[in-house]
Amino acid sequence: MIDNFTMSKHDFYNATPNLGYRMFRSYVRLFHDNFYYKKVYYIDMQNIPDNVPVMLVSNHQNGLSDALGFAVSVRHPRRRLRMIARADAFTPLFAPALRWMGILPAYRSLYNGTGSTVRNRSTLEQAEEELMEDGIVGIYPEAGHQDKHWLGKFSVGYLHIVFEAARRTHFEKEIFLVPSCNHYSDYLSMDEQMLVWYGEPISAKPYYEAYRKDPIEARMQLNGVIREKVAAMMLNITDLDNYDAIDYLRLTYGVEYAHKRGYDPEDLPQKLMADKELFARLDGMKKENQDFMQQIYDDTIRLKTDTEGLGIHDRDLNRDPGWAGMILRAVGLALLAPLFVVACIPNILIYYIPRRITSRVKDEMLHSGIHFGAAVLFLMPVLYLITFALMWTFFSFAIALVHVFCLPFLGVFAWRYSRSYLRWISAVRYLRLRRKKSLQPLIALRKNIYDRLNHVLSQE
């Protein structure tokens with residue numbers, strides 16, 4: 001019943017983050033920012049107003065990982081961030097923890113069945129009360145997460161919360177909406193980069209009078225403004241018919257393009273700017289000459305399919321590694337192999353057990369969040385404690401303590417070692433295929449695509 005998900009008014013918005021909550025948030029942030037991701041960027045945090053009601057409005061592309069980005073980036077000494085999440089996450093096992101973290105259930109017909117949305121009344125009222133008490137509420141108006149870099153339609157339900165909170169304070173409370181975007185160098189893999197970018201706050205107060213006259217029209221107007229701001233911040237590839245080709249180009253040709261335009265492709269915020277610029281120019285060229293660009297997109301899909309079919313990577317086509325380099329890399333991998341074996345204990349279980357869980361989860365965009373949550377909240381505390389006890393038993397307390405401290409770093413090393421090994425395999429496969437001269441058509445196709453793009457982009 002809905003009562004299982006409710007909190008008292010006092011518990012909900014008057015609960016200043018206590019020591020336990022702050023320690024938990026710091027623990028999660030430690031592993032989120034320093035171990036799961038190679039680098040994180042929290043951009044323009046100053047755009048979140050203090051001591052006023054705030055609703056954070058973001059795109060939604062990576063399930064639970066988006067919520068984690070919100071949760072660890074917003075740190076306030078006197079108030080918690082409240083987020084609204086899909087109600088099917090509120091299982092008996094997780095519901096108490098989610099409520100404790102200030103997360104509220106949102107019922108949707110698509111996921112929870114017809115008629116379930118009537119149970120949202122309590123969630124809406126609690127979110128309204130949070131805003132009435134100068135709190136922070138985070139929400140994803142797409143009502144579901146996308147599996148690509150594009151922005152879906154916004155449900156206007158979040159503005160019902162905003163305007164109802166204003167109405168309940170007789171329109172005296174000025175409520176701010178902060179557009180935001182999440183972005184990842186890779187959705188599904190660890191040791192990647194992610195960013196959360198907060199835009200300039202937008203006051204709902206100028207729309208109060210319009211809301212009094214026509215609530216629906218006022219919500220539509222403000223929703224259009226907010227969605228436009230979010231779309232402008234993120235990578236929004238609107239050409240869905242050619243999405244796969246455009247996405248492949250930005251990850252391959254886009255590296256060269258970024259360098260030429262003065263961006264650092266290894267820096268995610270700069271790569272985001274370069275990718276947005278590249279798509280805008282590609283889309284502009286398509287409008288001018290659709291047949292020309294469609295041929296490039298078709299050729300790109302052929303390049304992508306053939307490259308993946310051969311089990312090689314575009315980076316191998318970009319720079320010839322050479323057999324001497326491969327031999328040196330093989331020697332390095334061999335020398336580091338014993339350390340890799342040590343690093344896998346017990347980190348290999350922390351890696352594989354969550355993947356056994358997600359193998360049963362069809363929605364791939366939930367996988368990274370489940371991997372992180374299972375590892376950090378359950379497996380690492382348990383397995384690291386067991387490892388510590390065994391090391392203390394067979395060696396000493398000091399050795400056990402140092403070893404456990406090193407385990408997260410060893411886990412990152414093991415992951416990077418395995419990726420280096422797979423890249424070495426890909427490069428060796430490329431060299432063997434090159435010797436057989438079976439790669440010449442693929443190399444020629446790639447060069448032809450790049451030459452055509454360079455020619456038309458240089459003319460703009």
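Residue Phe413 qualifies as enclosed at atom CZ: its count of foreign heavy atoms under 6.0 Å is above 12. In this structure, Tyr27 places its OH atom where more than 12 heavy-atom neighbours from other residues, nucleotides or ligands lie under 6.0 Å away. Glu256 CD: more than 12 foreign heavy atoms inside a 6.0 Å radius. More than 12 heavy atoms of other residues, nucleotides or ligands shown are found within 6.0 angstrom of CG on Leu240. Other residues, nucleotides and ligands place more than 12 heavy atoms under 6.0 Å from the NZ atom of Lys173. Applying the 6.0 Å contact sphere to CE of Met45 captures more than 12 heavy atoms from other residues, nucleotides or ligands.
The nearest pair of heavy atoms linking Ile84 to Ala127 is CD1-CB, 4.3 Å. Nearest heavy atom pair, residue Ser189 against residue Trp415, reads OG-CZ2, 3.1 Å. Summarising the geometry of Asn59 relative to Asn182, their closest heavy-atom pair is OD1-N, 2.8 Å, with the distance given to 0.1 Å. Listed here is the closest heavy atom pair of Met234 and Cys181: CB-CB, 3.9 Å. Residues Val162 and Met55 approach most closely at CG2-SD, 3.7 Å, considering heavy atoms. Of all non-hydrogen atoms in Arg281 and Leu457, the two that sit nearest each other are NH2-O, 2.6 Å.
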Would Phe70 and Tyr140 satisfy ring-ring contact (aromatic ring centres under 6.0 Å, His included), going step by step from the backbone distance to the final call?
CA-CA 11 Å; Phe70 261 172; Tyr140 303 99; 5.5 Å; yes
Determine, stepwise, if the pair Glu364 / Lys148 fulfils salt bridge (charged side-chain N to carboxylate O under 4.0 Å, His left out).
CA-CA 11 Å; Glu364 201 174 36; Lys148 296 178 175 66; over 6 Å; no
For a ring-ring contact (aromatic ring centres under 6.0 Å, His included) check, start with the C-alpha distance between Phe397 and Phe388, then their side-chain angles and the critical distance, and finish with the verdict.
CA-CA 8 Å; Phe397 175 82; Phe388 174 78; 5.7 Å; yes
Begin with the C-alpha distance, continue with both residues' side-chain angles, and end with the deciding distance and a verdict on side-chain contact (heavy atoms from CB on, under 4.5 Å) for Ser420 and Leu333.
CA-CA 8 Å; Ser420 296; Leu333 289 169; 4.3 Å; yes
Audit row: Ser368, Asn62, side-chain contact (heavy atoms from CB on, under 4.5 Å) steps and yes/no:
CA-CA 8 Å; Ser368 62; Asn62 202 10; 3.4 Å; yes
Dump the intermediate steps for salt bridge (charged side-chain N to carboxylate O under 4.0 Å, His left out) on Lys286 and Asp283, then the final yes or no.
CA-CA 5 Å; Lys286 182 185 176 185; Asp283 207 43; 5.5 Å; no
Go through the steps to decide whether Leu151 and Thr238 satisfy the test side-chain contact (heavy atoms from CB on, under 4.5 Å), and finish with yes or no.
CA-CA 8 Å; Leu151 189 63; Thr238 53; over 6 Å; no
What's the verdict on side chain to side chain donor-acceptor pair (under 3.5 Å) for Tyr211 and Glu164, showing C-alpha distance, side-chain angles and the deciding distance?
CA-CA 10 Å; Tyr211 181 79; Glu164 278 300 294; 3.2 Å; yes
Lys205 vs Glu174, test: salt bridge (charged side-chain N to carboxylate O under 4.0 Å, His left out). Steps then yes/no.
CA-CA 6 Å; Lys205 193 171 184 178; Glu174 184 174 17; 5.0 Å; no
Report the C-alpha separation of Glu128 and Arg168 in whole Å, then their side-chain angles, then the decisive distance to 0.1 Å, and conclude whether the salt bridge (charged side-chain N to carboxylate O under 4.0 Å, His left out) test is met.
CA-CA 9 Å; Glu128 292 163 14; Arg168 292 170 65 180; 2.8 Å; yes
Evaluate Ile312 against Leu317 for side-chain contact (heavy atoms from CB on, under 4.5 Å), listing each step before the verdict.
CA-CA 8 Å; Ile312 61 176; Leu317 299 173; 4.2 Å; yes
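A salt bridge does not link Lys260 to Glu277: none of the charged nitrogens lies less than 4.0 Å from a carboxylate oxygen. Salt bridge status for Lys271 with Asp275: present, with a side-chain N to carboxylate O gap under 4.0 Å.
Taking the six-membered ring where the residue is Trp, Tyr158 and Phe154 present perpendicular rings, their angle passing 60° and hence far from 30°. The aromatic rings of Phe372 and Tyr36 sit perpendicular to each other, their planes meeting at more than 60°, with 30° as the lower class boundary.
A donor and an acceptor atom, one from each side chain of Thr358 and His371, are located under 3.5 Å apart. Under the 3.5 Å distance criterion, with hydrogens and angles disregarded, no donor-acceptor pair is assigned to the side chains of Ser185 and Gln193. A donor and an acceptor atom, one from each side chain of His367 and Arg355, are nowhere located under 3.5 Å apart. With no hydrogens or angles considered, a side-chain donor-acceptor pair links Ser426 and Asp316 at under 3.5 Å. A donor-acceptor contact under 3.5 angstrom links the side chains of Asn347 and Tyr384, judged on distance only. Residues Tyr187 and Asp147 have side chains that never bring a donor and an acceptor to within less than 3.5 angstrom of each other. For Gln221 and Asn223, the side-chain atoms include no donor-acceptor pair closer than 3.5 Å.
Atom CD1 of residue Ile301 and atom CG of residue Leu249 lie 8.5 Å apart, to the nearest 0.5 angstrom. Put simply, CZ on Phe35 and CE on Met380 are 7.5 Å apart, with the number rounded to the nearest 0.5 Å. Considering CG of Leu222 and CG of Leu159, their distance stands at 5.0 Å, rounded to 0.5 Å. Atom CG of Leu68 and atom CE of Met83 lie 7.5 Å apart (nearest 0.5 Å). To the nearest 0.5 Å, atom NZ of residue Lys276 and atom CZ of residue Arg250 are 13.0 Å apart. The line from CZ of Arg219 to CD1 of Ile216 is 6.0 Å long, rounded to the nearest 0.5 Å.
Side-chain contact between Thr307 and His313 is absent, with no heavy atoms from C-beta onward closer than 4.5 Å. Here the side chains of Tyr253 and Asp314 are not in contact, with every heavy-atom distance at 4.5 Å or above. Inter-residue side-chain proximity for Ser58 and Asp66 is flagged as unmet; no heavy-atom pair is nearer than 4.5 Å. For the pair Phe31/Pro408, a side-chain contact is recorded, criterion being any heavy-atom separation below 4.5 Å from C-beta on. Using a 4.5 Å heavy-atom threshold, the side chains of Val178 and Pro49 count as touching. The closest side-chain heavy-atom distance from Leu379 to Leu349 is not below 4.5 Å. Asp244 is not listed as a side-chain neighbour of Tyr297, based on a closest heavy-atom distance of 4.5 Å or more. With contacts defined as side-chain heavy-atom distances shorter than 4.5 Å, the pair Leu453/Leu282 qualifies.
Under the 6.0 Å distance and 45° angle rule, Arg212 does not count as a cation-pi partner of Tyr208.
Counting only distance, with no hydrogens or angles, the side chain of Ser180 and the backbone of Trp197 share a donor-acceptor pair below 3.5 Å.
The only member of Tyr41, Tyr198, Tyr42 that meets side-chain hydrogen bond (donor to acceptor under 3.5 Å, both in side chains) when paired with Ser73 is Tyr198.
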